[in-house]
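Okay, so here's the structure we're looking at.
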Number of protein chains: 2
Amino acid sequence: MKKKRTTIKDLARRLDISVSTVSRALRDAPDINPATRQEVLDLAQKLNYKRSTLATSLVSKRTFNIGVIVPELSVPFFGHVIAGIQETLLSKGYQMMICQSSEKIEQEQKSIELLMDHHVDGILISPTVETNHLEHIKMLKEEEVPVVLFDRTLPEANGIFSSVTVDDEEGAFNATTHLIHEGYQRIAHISGPKHLQITQQRLKGYKEALRLHNLPYVEDWVVHGDMHSNIGRITQQLLALPTPPDAIFAINDPVAFQVLHTLLSMKIDVPKEIGVVGYTGSDMAKLYHPTLSTVRQPAQSIGKEAALLLLEEIDSLWDRRVEKQPFVYRNRVLPTELVVGQSSRRNF
Amino acid sequence: MKKKRTTIKDLARRLDISVSTVSRALRDAPDINPATRQEVLDLAQKLNYKRSTLATSLVSKRTFNIGVIVPELSVPFFGHVIAGIQETLLSKGYQMMICQSSEKIEQEQKSIELLMDHHVDGILISPTVETNHLEHIKMLKEEEVPVVLFDRTLPEANGIFSSVTVDDEEGAFNATTHLIHEGYQRIAHISGPKHLQITQQRLKGYKEALRLHNLPYVEDWVVHGDMHSNIGRITQQLLALPTPPDAIFAINDPVAFQVLHTLLSMKIDVPKEIGVVGYTGSDMAKLYHPTLSTVRQPAQSIGKEAALLLLEEIDSLWDRRVEKQPFVYRNRVLPTELVVGQSSRRNF
DNA sequence: TTGTAGGCGTTATCAC
DNA sequence: GTGATAACGCCTACAA
């Protein structure tokens, strides 16, 4: 029922030449008379011809669509990443289909199938907090669909999937060291799900900083949360400890904001009584009062790099048809930047 | 180069029946023997057959893809809206392609063309702050591509496009009235781009509240911004006025947070000295300190409703082929809810 | 109920 | 250089 667009057939008829010639002209094939080529192009322009991506895809098997799966669409960080992805993809002639897993592995699973049904040429995934295995993602490999993980990943993904992350350990190390330098002695860490690599790495950086400064690692001061709920309660529990911490390093900014809110509501002075550092580098960090110290992740760049890796992998998949050499997976690790705000400066 | 999936031909061959029979079985057409139908279904299941959406779309002219264009992906509000859209679309078998216009009309334009190239069945748009006309969007009408505007719209869209918005005027009225009831007398309004309907409606509600309470409308207290930059400066200018306001009603939460940040940095007591109310109902509102009073917009519902309207329009477009009755555009206006936080309660 | 034939819009492989 | 012709995977009359 759609108004039908002009097709190469139309062009062929009007120019009284064959469709194959038109087709050649339209994708400037080598063997074509420049004159006829121009004729075709002109008419195409005039009739507002647009190549049907559908038909092209049907025969070529490529859709130039790539799928993106994020845990939460409403988290600004992912918004920035997606913006980066989008930019890169567009410049290369790709479009993206986005799915939200809502931090549920089941939904992640479904999304993958959905994207497959829509013939995406590749998929970018940031696993959910529930995702403690990669079976459903490995399936994609079997279907020869390139995959790149971003931001979050699992240790077992190593050597199987390309990925783009930040140097989580270093970032955490810097954040913790900063707190120590500011004079905080009892630094707690509100961590994330244990199986996620970012959790492990950040915890590692945190520990390393303590070790290097001869501060004890206190089990009670390290709590694993789900990055979302109950942060208020967790914070209160930390404060209720026999020896409560005098600083809190949160796994990310959303958690940090909840911590701040809880502390300030209890009329605890931040940063005098308790220092706080987050991780993300969200826009709100510099708008909060006090401004939040945070380890800035280059969200946009993460998106760009991930998209680039994926496209390279896709290209290699298509060119490689003859010389079947195995693809080399790459793990791009981007640097972070500690942005010191007021929430961690005792002399504020 | 992709590992080829099984097709209806494969099924037909293995079952030694014709492809049309297989095709019929697969989309449970009426005229088919239940027995053979089952056979086909079983084999399909066994061979992991998946219908090619590409081929189907090519012949049916429907892709079951719908395009979404938002000003900014990294704004949580839009993230929530998109989540709502996604949910509705998925349940109806649709997928979505997202584009970010980055608040630039040119990018909006490009996105539209891009989505068209990808044969989307319809488009959901929230115009940019720059969008002061709808020519490029009207073009879609000519191509018979249904469009629904959400959140933001222009007065001239009336009667041409369906839309889903909130009762902006009422929300603004409530916010302003609330401030008045709390004892604020000199209420400023940081507004948005003049041509946007939300700007006009919220301004209207603000004015109405003042009028109803016999408060004067002071031109100097109403400033038009672009919803993003320079809010700090605007705030300071307001405070520097001969008669500075004692409350600020911001057009949305992002702006309100900038206002809060500016005020608190100047050691101005909120809400004692100056009250603040935002508009959006963002998650951060209840995490800020003081918590931000805000007019809550049901983001998720906006997305759902917009998607529903669009799908209805699409359906009607396809069923209507015979009886060509004009489509009735609808403007769904959702209610808002004033969420009172600490930023506007003098007795806090 | 089932099969045949033609078509959706492009591309690719042949001849000419 | 150009033009038939056969795919791509599926749908839809029209016959049988």
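Proteins come first, then strands; the chains are lettered A, B, ... in the order of their sequence lines, and each starts at number 1.
Rounded to whole Å, the distance from CD1 on A/Ile8 to C1' on D/dT2 is 14 Å. Distance, B/Leu58 CG to D/dT12 C1': 14 Å, rounded to whole Å. Following rounding to the nearest Å, A/Lys61 (NZ) and C/dA12 (C1') show an atom-to-atom distance of 14 Å. The NZ-P distance, from B/Lys9 to D/dC11, rounds to 13 Å in whole Å. Rounded to an integer number of Å, the gap from B/Ile32 CD1 to D/dT12 P is 14 Å. At whole-Å resolution of the value, CG in A/Asp31 and C1' in C/dT11 are 13 Å apart. Following rounding to the nearest Å, A/Arg37 (CZ) and D/dG1 (P) show an atom-to-atom distance of 13 Å. To the nearest angstrom, C1' of C/dG9 lies 9 Å from NE2 of B/His119.
In this structure, of C/dA12, C/dT1, D/dC10, it is D/dC10 that holds the atom nearest to the side chain of B/Val59. Taking the side chain of B/Arg24 as heavy atoms from C-beta on, and the options C/dA12, D/dG3, D/dA13, the nearest nucleotide is D/dA13. For B/Thr36, taking side-chain heavy atoms from C-beta onward, the closest of the listed nucleotides C/dG3, C/dT2, D/dG3 is C/dT2.
Taking the ring axis of A/Phe64 as reference, the NZ or CZ atom of A/Arg62 stays within 45° of it and closer than 6.0 Å to the ring centre.
Not one side-chain nitrogen or oxygen of A/Ser52 sits closer than 4.0 Å to the OP1 or OP2 atom of C/dG9. Here A/Thr21 reaches the OP1 or OP2 of D/dG3: one of its side-chain N or O atoms lies under 4.0 Å away. Contact annotation: B/Arg27 reaches the phosphate of D/dT12 (side-chain N/O to OP1 or OP2, under 4.0 Å).
Along DNA chain C, the nucleotide nearest to A/Tyr49 and the one nearest to B/Val19 differ in position, and the one closer to the 5' end is contacted by B/Val19. Heavy-atom distances to DNA chain C give each of B/Ala55 and B/Pro30 a nearest nucleotide, and the one nearer the 5′ end belongs to B/Pro30.
If you check every strand for non-hydrogen atoms under 4.0 Å, B/Leu54 touches nothing. No engagement by A/Leu26 is indicated, since no non-hydrogen atom pair under 4.0 Å with the nucleic acid exists. Within 4.0 Å (heavy atoms only), A/Ser20 reaches at least one base atom of the nucleic acid. Counting any heavy atom pair closer than 4.0 Å across all strands shown, A/Ser23 reaches a base atom. Across all strands shown, A/Arg51 has heavy atoms under 4.0 Å from sugar-phosphate atoms exclusively, and none from any base. Contact annotation for A/Asn33: backbone-only contact, meaning every heavy-atom pair under 4.0 Å involves sugar-phosphate atoms and none involves a base.
A salt bridge links B/Glu135 to B/Lys138: one of the charged nitrogens lies within less than 4.0 Å of a carboxylate oxygen. A salt bridge is defined here as a Lys NZ or Arg NE, NH1 or NH2 lying under 4.0 Å from an Asp or Glu carboxylate O, and A/Lys304 with A/Glu87 meets this definition. Ion pairing between a basic and an acidic side chain is recognised when a charged N comes within 4.0 Å of a carboxylate O; A/Lys141 and A/Glu313 show such pairing. Between A/Arg5 and B/Glu144, none of the side-chain N atoms (NZ, or NE/NH1/NH2) sits under 4.0 Å from a carboxylate O, so this pair counts as no salt bridge.
Side-chain atoms of A/Thr56 come within 3.5 Å of backbone N or O of A/Ser52 as a donor-acceptor pair.
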